[in-house]
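No experiment lies behind these values; they were computed from the predicted model shown.
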Amino acid sequence: MNSSPIGVIDSGFGGLSVLRYLLSDLPNEDFVYIADSGFCPYGRRSFDEIRQRVFSIVDFLISEHNVKLVVVACNTATAAAIDSLREKYSIPFVGMEPAIKPAALSSKSKVVGVLATEGTFNGRLFKQTCEKFANDVKVVVRAGNGLVELIEDGQTDGEEIDSLLNEYLAPMVEENVDLLVLGCTHFPFLQPAIEHKFPNLRIIDPAPAISKQTINLLAVNEFHSEDKMRICRFFTTGLAEKLDAFVEKMLGMKIKSRQISL
């Protein structure tokens with residue numbers, strides 16, 4: 001399994017915010033990225049529907065690419081499917097963890113904001129994490145409706161983005177939120193726009209911690225690849241040219257992705 005690639009999956013382009021850290025931290029590993037953009041966003045879909053989508057994607061990754069580990073780089077997909085994935089398949093899975101603990105420990109005002117999707121807030125993991133780590137802080141949550149769609153369209157700044165950020169984050173700032181947890185992997189691509197509009201709001205991107213967890217799991221399973229030239233493959237259930245353009249814009253990589261039906 002050491003030479004097999006790592007699978008990275010998301011409802012669309014958001015998982016690329018995790019992939020960029022994986023690429024930096026694991027230079028010898030091959031990756032297969034799948035953007036389920038044809039069914040994006042996941043946030044308002046039922047957990048049953050999301051689980052079936054994720055199962056189809058993982059089946060493809062295992063049967064076609066023999067992946068040794070899968071990073072579920074989507075908060076909503078993690079909330080809906082991570083337990084079922086670990087029960088159904090024998091390979092390891094890394095899911096997105098709500099970064100409530102570091103936020104609670106770092107907040108000076110003891111008021112923490114979380115910008116995510118409805119699916120993430122409805123998940124067991126988010127509720128358990130809040131109960132466990134946020135007893136001494138106030139957690140202000142807001143579903144960032146409409147932001148994922150704009151990002152999938154290639155927009156990470158501009159009037160529409162600014163308008164929605166103001167709608168969702170200004171009330172948080174009024175409630176004395178000093179630290180914002182990005183609870184959707186699409187949202188780190190909005191960090192420059194958030195910092196420009198709300199310069200005093202500190203931001204937590206969970207992606208670096210997810211990359212470290214992936215490194216730990218590879219070590220535990222003795223899955224590390226040998227030093228070699230890396231291969232990264234990209235697939236999408238949406239339009240390949242949109243994924244290609246986004247990867248070039250945000251990751252600085254020229255790719256030729258392939259559209260697939262799952």
Between the main-chain N or O of [Y] and the side-chain N or O of [X], is there a donor-acceptor pair closer than 3.5 Å?
X	Y	answer
Arg53	Leu262	yes
Asn221	Leu217	yes
Ser107	Ala103	no
Asp25	Ser211	no
Arg202	Ser106	yes
Lys68	Phe223	yes
Ser17	Thr185	yes
Tyr33	Asp10	no

Indicate yes or no: does [X] engage [Y] in a salt bridge with an N to O separation below 4.0 Å.
X	Y	result
Arg230	Asp30	no
Glu175	Lys138	yes
Asp162	Lys197	no

Distance, nearest 0.5 Å, that separates CD of Glu174 from CG of Leu169: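 Answer for the CD-CG pair, Glu174 versus Leu169, is 11.5 Å.
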
Value rounded to 0.5 Å, distance of CD1 in Ile231 from CD in Glu29: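 Taking CD1 in Ile231 and CD in Glu29, the distance rounds to 12.5 Å.
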
Flag side-chain contact, heavy atom, 4.5 Å: [X] against [Y]:
X	Y	answer
His186	Glu152	yes
Ile260	Thr236	no
Lys127	Cys130	no
Glu118	Asn145	yes
Val111	Asp178	no
Ser261	Thr237	no

Heavy-atom neighbours of Lys110 NZ exceed 12 at 6.0 Å: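 Above 12, so yes.
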
Glu160 atom CD, over 12 foreign heavy atoms within 6.0 Å: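 Counting neighbours around CD of Glu160, 12 or fewer heavy atoms of other residues, nucleotides or ligands fall under 6.0 Å, so no.
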
CA sep, side-chain torsions, deciding dist, call: Phe13, Phe189, ring pair (Phe, Tyr, Trp, His ring centres under 6.0 Å): CA-CA 10 Å; Phe13 302 163; Phe189 293 120; 8.7 Å; no

Geometric cation-pi criterion, Arg142 with Tyr168: 6.0 Å, 45°: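 No; the conditions do not both hold, so Arg142 does not lie above the ring face of Tyr168.
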
Pi-cation contact, Phe234 with Lys256 (under 6.0 Å, within 45°):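 No; the conditions do not both hold, so Lys256 does not lie above the ring face of Phe234.
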
Considering all heavy atoms, the nearest Phe121-Val114 contact: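 Nearest pair, atom of Phe121 first, then Val114: CZ-O, 3.5 Å.
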
Validation row, ring centre Phe60 to ring centre Phe235 under 6.0 Å: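 Centroid distance Phe60-Phe235: below 6.0 Å, so yes.
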
Between Ser257 and Asp244, a side-chain donor and acceptor under 3.5 Å: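 A donor-acceptor contact under 3.5 Å links the two side chains.
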
